[in-house]
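See below for the structure under consideration.
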Amino acid sequence: MSSIRQLNEIGIALSSERNLDTLLESLLYSARELTSADAGTLYIVDSAQKQLSFAIVQNDTLGLYLGGNGEPVGAHFPTIDLFQPDGSPNHHLVVAYTALNDKTVNIEDAYCAQGFDFSGTCKFDQSTGYRSRAFLTVPMHSHEGEVVAVLQLLNKRVEHGLTGTFSRADQHIAESLASQASVAITNQRLIDEMRTLFDSFVRVIATAIDAKSAHTGAHCRRVPDATLLLAEAAHRSIHPDIASFTLTDADRYEIKTAAWLHDCGKIVIPHHIMEKSTKLEGLFDRLHLIEARFAAKKREIENEQLRRELSACRNNKVVTQIERDTFQAELDSLANHLALVQRVNADGAIVQDEDITKLELIAQQDWEDASGCRMPLLTADELENLCIRRGTLNHNERKIIEGHVQATLDMLSELPFPKQLQRVPEYAGGHHERMDGSGYPKGLTRDELSLPARMLGIADVFEALTAPDRPYKMPMTLSEALKVMGHMVENQHLDGALFAVFIEEKVYLEYAHKHLQSFQIDSVDVDTLPGLNTASST
């Protein structure tokens, strides 16, 4: 095979390689093969640290192969400073000179060369018995002209040993290969940098969501952990419903990205709804207004009592005890009504039918404002919110909160995801769907949801139940959370097969040791957990 054809084939192979370590190994091996070099080293330029680091070291005679996908080089060879302590360029070492000046250096015999310091090479030779002779040092630069690496070939093989020198043709071949490889390395670096930038952007969005609401804490950062733990467990599991599920590195990255972005739509949810910790909270806390009305109503009753007593006194009469008791009963009733409002207003309060009946009666009472107008003690909106049976959100507010999933889908659909991330919107947008189709935003059933989307649903619920940093509730223990999730499986809200894997593979315990407080990690009686016997039918 001609050198040109071989060079072209190597260039094609290098351009298709996506693993940087494998790429660097292939580059050095190919350069040595084309130039008959016995040994070689590939150095990577660290512009920030102004250093050269050994990336790959290969030496056939010594049987030395370090770096790349093998043993790391760092433990054997130190980094090389591009500049001396006084700030002057390090032109004494040939690789530093090549990197700083973007020039190829071809040396026939290091022991006779002038202008460069080969003392380190001599020490290496003394310790190994090797004889370093010919050096061909070639810079590798990016499309912007920046030197990103240095290729150094050592000792050309000839018929009688390693005494040859690198010819002008060898130099041209090495420079051509270095040029092709530089493009591949630069492209791989750009891909890695773009992925790092994208990942950082994703984390910034998730962190912003978590920071927006004290009620979500670190939710967007913990859900990816729970999701990936479950995905790995499903990958290992032989459960009949998911035995065919397998994970590649690309799958892991796609699932992780979806998990990080699953709540990105919350960024459009108004802050006062996201943070609504009581039923009367809105742009401001309306409980204070109601308390002020009750205080005004109390003064009305007290003033009326004083007027009657004054009138009776003027007419030489006495207010009877029955009348006084009636006034006191009104005041006591008013205080009880205010206590009821304060109680049902709190998050966690469960509003019963009799509470709603009393609240409706309270709303029919009125008080006199500063202009003399009679106004209801409770407005229609206040009554609606106080009658919320569980939680703090009324119907419209809950729809707005639920809209974060549609907002997530809308936002993610605008992103031009590459092929390997095409399913991110589907995975992220399915975490509030239910197996029976009663979820949102699309009302999808189990058969219409992918396994990763169902995994995200389980991870989302588990994190929410056990989150140790929610300011409005105590976190559940493992046994409490898994019992709730088991009932959700029975009610066709969560996937039964994945819940079984979640339990069988002890995903919950692995997650707990990483994220939960010690008091939450209690004993779980798996045999009594609901939902496990329905795993195969969901």
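For reference, positions follow the sequence shown, starting with 1. What you see below is based on every heavy atom in this structure, not just the backbone, and it leaves out hydrogens, waters and symmetry mates.
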For residues [X] and [Y], report the shortest heavy-atom separation together with the two atoms involved.
X      : Y      : value
Ala428 : Ala258 : CB-O, 3.7 Å
Val507 : Ala226 : CG1-O, 4.5 Å
Thr79  : Ser53  : CG2-CB, 4.1 Å
Cys264 : Ile209 : O-CD1, 3.8 Å
Ile255 : Ala231 : CD1-CB, 4.3 Å
Ile521 : Ala512 : CD1-O, 3.7 Å

Mind checking whether [X] and [Y] have side chains closer than 4.5 Å, heavy atoms only?
X      : Y      : value
Leu52  : Val45  : yes
Arg221 : Trp260 : yes
Phe166 : Ile173 : no
Arg203 : Pro224 : no
Leu498 : Phe245 : no
Leu261 : Tyr427 : no
Glu463 : Asp225 : no
Thr466 : Pro475 : no

Can you measure from [atom1] ([X]) to [atom2] ([Y]) and round to the nearest 0.5 angstrom?
X      : Y      : atom1 : atom2 : result
Gln171 : Thr137 : CD    : OG1   : 10.0 Å
Asp241 : Asp495 : CG    : CG    : 7.5 Å
Arg133 : Asp125 : CZ    : CG    : 10.0 Å

Name all residues meeting the ring-ring contact (aromatic ring centres under 6.0 Å, His included) criterion together with [X]; count only those two or more places apart in sequence or in a different chain, and write none if there are none.
X      : value
Phe462 : Phe502, Tyr511
Phe135 : Phe118
His432 : His404, Tyr440
Phe54  : Tyr43, Phe77

Would the distance check show the side chain of [X] and the main-chain N or O of [Y] forming a donor-acceptor pair, the cut-off being under 3.5 Å?
X      : Y      : value
Asp522 : Ser479 : yes
Asn59  : Thr61  : yes
Thr35  : Ala31  : yes
Glu433 : Lys442 : yes
Glu281 : Ser277 : yes
Gln520 : Met476 : yes
Ser88  : Gln84  : no
Ser200 : Thr196 : yes
Asn155 : Arg131 : yes

Near [X] [atom1], under 6.0 Å, is it more than 12 heavy atoms from other residues, nucleotides or ligands?
X      : atom1 : value
Tyr65  : OH    : yes
Phe124 : CZ    : yes
Gln517 : CD    : yes
Leu197 : CG    : yes

Please identify each residue that fulfils salt bridge (charged side-chain N to carboxylate O under 4.0 Å, His left out) with [X], with sequence neighbours left out.
X      : answer
Glu426 : none
Arg236 : Glu505
Asp410 : none

TODO: Check Leu177, Val150, Leu27 against Met140 for a side chain to side chain contact (heavy atoms under 4.5 Å, CB included) and give me the one that passes.
DONE: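 Testing each of Leu177, Val150, Leu27 against Met140, the sole residue satisfying side chain to side chain contact (heavy atoms under 4.5 Å, CB included) is Leu27.
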Open item on the list: With side chain to side chain contact (heavy atoms under 4.5 Å, CB included) as the test, pick out the partner of Asp38 among Leu154, Leu62, Leu162.
Closed with: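 That would be Leu162; it is the only one of Leu154, Leu62, Leu162 passing the side chain to side chain contact (heavy atoms under 4.5 Å, CB included) with Asp38.
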[X] and [Y]: side-chain donor and acceptor closer than 3.5 Å?
X      : Y      : result
Thr445 : Asp447 : no
Thr104 : Glu175 : yes
Glu146 : Ser47  : yes

Open item on the list: Quick check on ring pair (Phe, Tyr, Trp, His ring centres under 6.0 Å): which of His262, His219, His493 does His431 satisfy it with?
Closed with: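 Going through the options one by one, the only one that passes is His262.
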- [ ] With sequence neighbours left out, write down each residue that passes side chain to side chain donor-acceptor pair (under 3.5 Å) with Asp170, or none if nothing qualifies.
- [x]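 In terms of side chain to side chain donor-acceptor pair (under 3.5 Å), with neighbours along the sequence ignored, Asp170 is linked to Lys156, Ser167.
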- [ ] Output all residues satisfying side chain to side chain donor-acceptor pair (under 3.5 Å) with Glu480, sequence neighbours left out; order by chain, then residue number.
- [x]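 Glu480: side chain to side chain donor-acceptor pair (under 3.5 Å) contacts with Thr477.
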TODO: Kindly indicate, with the supporting measurements, whether the criterion side-chain contact (heavy atoms from CB on, under 4.5 Å) is fulfilled by Asp192 and Arg195.
DONE: CA-CA 5 Å; Asp192 291 342; Arg195 171 176 280 198; 5.7 Å; no
Open item on the list: Using side-chain contact (heavy atoms from CB on, under 4.5 Å), reason through Leu82 and Asn90 one step at a time and then give a plain yes or no.
Closed with: CA-CA 5 Å; Leu82 292 174; Asn90 183 6; 5.6 Å; no
TODO: Begin with the C-alpha distance, continue with both residues' side-chain angles, and end with the deciding distance and a verdict on side-chain contact (heavy atoms from CB on, under 4.5 Å) for Val73 and Ile56.
DONE: CA-CA 7 Å; Val73 187; Ile56 311 288; 5.9 Å; no
Task: From CA spacing to verdict: side-chain contact (heavy atoms from CB on, under 4.5 Å), Arg454, Leu451 - done: CA-CA 5 Å; Arg454 286 180 260 157; Leu451 269 169; 3.8 Å; yes
With sequence neighbours left out, which residue pairs that include part of [range] fulfil the salt bridge (Lys or Arg N to Asp or Glu O under 4.0 Å) condition?
range            : result
residues 98-107  : none
residues 44-62   : Arg32-Asp60, Asp60-Arg157
residues 247-259 : Glu232-Arg252, Asp249-Arg252, Asp251-Arg423, Glu254-Arg423

